[in-house]
Amino acid sequence: MKIQTLLLVPALLSAQVSFDRLLHTDKEPQNWLTYSGSVNGQRYSALDKINPQNVRNLELKWVFQARSLEKFETTPLVVDGVMYMTEAPNHVFALDAKTGRIFWDYDYRASKDARVCCGSVNRGLAILGDTLFMGTIDGRLIAIDSKSGKPVWNIEAGDPKLGYSITHAPLVVKDKVVVGVAGGEYGIRGFIAAYDAKTGKEAWRFYTVAGPEDPKAQKTWDGDSWKNGGAPAWLTGSYDPSSNTIYWGTGNPGPDWNGDDRAGDNLYSDSAVALDADTGKLKWHFQFTPHDEFDYDAVQIPVLVDANWQGKPRKLLMWANRNAFFYVFDRETGKFLSGTPFAKENWAIGLDEAGRPMRAPNMSPTPAGTLIYPNLFGATNWYSPSYSPRTQLFYIPSWQDSNMVMAKMQQKYVPGQRYTGGLPRAANAGRRGTRNTPVEDSAYGSILAMDPFTGKKKWEFKMSDVTDSGILTTASDLLFAGGREGYFYALDARNGTELWRASLGGQMEAGPMTYAIDGKQYVTIASGSSLFTFALKE
Amino acid sequence: MIYRGAFVTALLLWSLPAGAQSVDAGGPLYRVHCYPCHGQEGESVPGVSFRSGQYRRASTDEELSRIILGGIPGTGMPPTNLSADERRNLVAYLRSMHSTGESAKGAGDAARGMAIFDGKGACLNCHRVRGKGSRMGPDLSDVGALRNAAYLEKALTDPNDAIAPANRFVRVVTKDGTAISGRRLNEDTHTIQLIDEKERLVSLNRSELREVVLVKTSPMPGYREKLSAQEMTDVVSYLLSLKGSQ
């Protein structure tokens, strides 16, 4: 029969996603090949078919409804018309990106030992060749065939019984897959590790809590406190091919709100780390919040920008931090160039010349509680920022005026149990049910456009409720983002003017992305438990 | 629901040979009475796994038969009106779902089976195992965790009887005359998704198609004449050894 004859013809593979393609995503903006759309973390697309003039003609093309009611934090990948995405906790789908119809799915059932602080979530996948990579809530990394959805290998990165999990999209660098672990509320010892993409074999590991292999930094932890020091690395890093360097953010030291037993700076918690991509060796680090007692994870997308700094071309690293400061560094040396607050804070009176915060007196959690700005969720968090090389503005999903009473308590480490050393309460941000009923001093969310070269606010788009949505900018100077209220917005990236909005009814806890098929541009965002895709009316 | 209905109907139409073994007769009963909740592999109800022989409230055949008849009050397990013979057949089928390499008929040599699979059987021309071979047919890397020996042997000798609806092939012709063949992955009223002979994921609008033919037979050749009984047993043992990556 004919089909059988056809089958015996040697199979030709369609174009594979080489590492070279991942490095040059600007040359194929119709695809979205990494979590942030590029290895530089800018979440900026060169697509411009949808523009400020026609954006009002956007219409819904299709909806993917998740079976899971867990938070939907994924950013899909799109490769030559096929969309790869995850629904919580670890259910992978290949969809026709034009219609949303399903090609295959792979439902990984995580171990019941999995323990996660803040939702059984997943933020997406990485791809290399014809293999997808997914971290799991039970601390594993799985390689999956992109054509069939079948697992290729599956390895344990960290023991789920001790609270290790992986929630973010991996980063592919050369022939390796790089991930960090979550578990900062369980007394883990955080790390970032690279695995061979073909076999899953660990190639290197960098401990984000310095131990005996790094005695000088280990001294920043009192006694044995480093053993359960946390510093998880639960968000995707960025990569600079010109220096072969990986940039990654690390999380809070544990226990979160009680630093009594971990006197010292607690390296490398709450830091930006620059690692050699081949060896994992530390090139430099910068600690945003030394001896953190507020849960201010530096778990944000490192944004790499090549631009003029004070008249000279420079390789920059831009970083809007949970601790309410916006930073710019020389990413080749790690030199601190500037730091300015972008939201109300009261824990530091400012940054010194080296960028180290000067702590405000008596602003630490006490047993009775201390009112701290911003609250534990921070002035921003893991939600993707965006940098537009056209507007040269840095866009931050921000929480303004948030506060919380942070109280500490004594807590002993018990393997696998929460290890937070405190009990924050009385936050003034985030609704407490189905309705939003803010009062005069409630926190609010905003999309904030910063001029990174001056540290000055350019414009602000205010929302009544706070936001957990990432931001996307495009080459037509559009900005897409949402918020907890369920609105999905298109703004003019130059001035913040609202040009279009859709009421999607569920809060957005994911980053928007865009792609094109047959010359038609699409924009996708997860909201509530559904994934929505828009395009211009025919 | 349309899909599941079609699946059940197809299996009901699968006529039973005279004097069938009770396991064969139990299969269709399983699809109608058990499949909707327990799933194809009997693992969909927490705490119960027919595949690994794990039952929550029964150990003997008699206890199983009693539960099939009376259900479990206060749970989702309903009573049935199956006859004693039907229940016996169904219990035999449930037991057959729990099968390991040791219980394969005539326990073969998995290493020899792999050589046949990769060599004279030419199975990799259509199937894929641990990253090797074609994606046109189903990936068999975990088939040993999903299927028992009896099923695998049937699939090798009579592929047309064993092809699952999820693995059927489809041939479409677009309005401009292009013919595309592949394994159907998904379909609905307006679209159809398949993996084509170049291993591309293809999604098509029916409105742009002139012809859609769902091929009911398996493209796989039967191996009854091609392999000796021992070779067949070896291949089955090899397939049973494939348990996936975890």
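These numbers were taken from a predicted model, which means no experiment stands behind them. So that the names make sense, note that chain A is the first sequence line, chain B the second, and so on, each numbered from 1.
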*Asks:* For the pair A/Asp145 and B/Arg135, evaluate side-chain contact (heavy atoms from CB on, under 4.5 Å) and give the outcome as yes or no after the intermediate values.
*Replies:* CA-CA 10 Å; A/Asp145 186 287; B/Arg135 297 173 175 92; 2.7 Å; yes
*Asks:* Taking everything shown except A/Lys49 itself, do over 12 heavy atoms lie less than 6.0 Å from its NZ?
*Replies:* no
*Asks:* Could you give the distance from CD (B/Glu187) to CZ (A/Arg101), rounded to the nearest 0.5 Å?
*Replies:* 11.0 Å
*Asks:* Taking atom CE as the centre, does B/Met77 end up with more than 12 heavy-atom neighbours from other residues, nucleotides or ligands that are less than 6.0 angstrom away?
*Replies:* yes
*Asks:* Can you name the closest pair of heavy atoms from B/Ile195 and A/Lys147 and give their distance?
*Replies:* CD1-O, 4.0 Å
*Asks:* Look up atom CH2 in A/Trp104 and atom CG in B/Leu185, then write down how far apart they are to the nearest 0.5 Å.
*Replies:* 10.5 Å
*Asks:* Please state whether the side chain, the backbone, both or neither of B/Leu201 comes within less than 4.5 Å of a heavy atom of chain A.
*Replies:* both
*Asks:* Could you list the residues that satisfy side chain to side chain donor-acceptor pair (under 3.5 Å) with A/Lys150, not counting sequence neighbours?
*Replies:* B/Asp142
*Asks:* What part of B/Arg183 is in contact with chain A, defined as an atom under 4.5 angstrom from a non-hydrogen atom: side chain, backbone, both or neither?
*Replies:* neither
*Asks:* When rounded to the nearest 0.5 angstrom, what is the spacing between CG in B/Asn205 and NZ in A/Lys98?
*Replies:* 7.0 Å
*Asks:* Scan A/Leu95, A/Ile102, A/Asp96 and name whichever one has a side-chain contact (heavy atoms from CB on, under 4.5 Å) with B/Asn186.
*Replies:* A/Ile102
*Asks:* Sequence neighbours excluded, which residues qualify as side chain to side chain donor-acceptor pair (under 3.5 Å) partners of A/Arg205?
*Replies:* A/Glu202, A/Tyr207
*Asks:* Heavy-atom distances under 4.5 Å only: say whether A/Thr131 touches chain B with side chain, backbone, both or neither.
*Replies:* neither
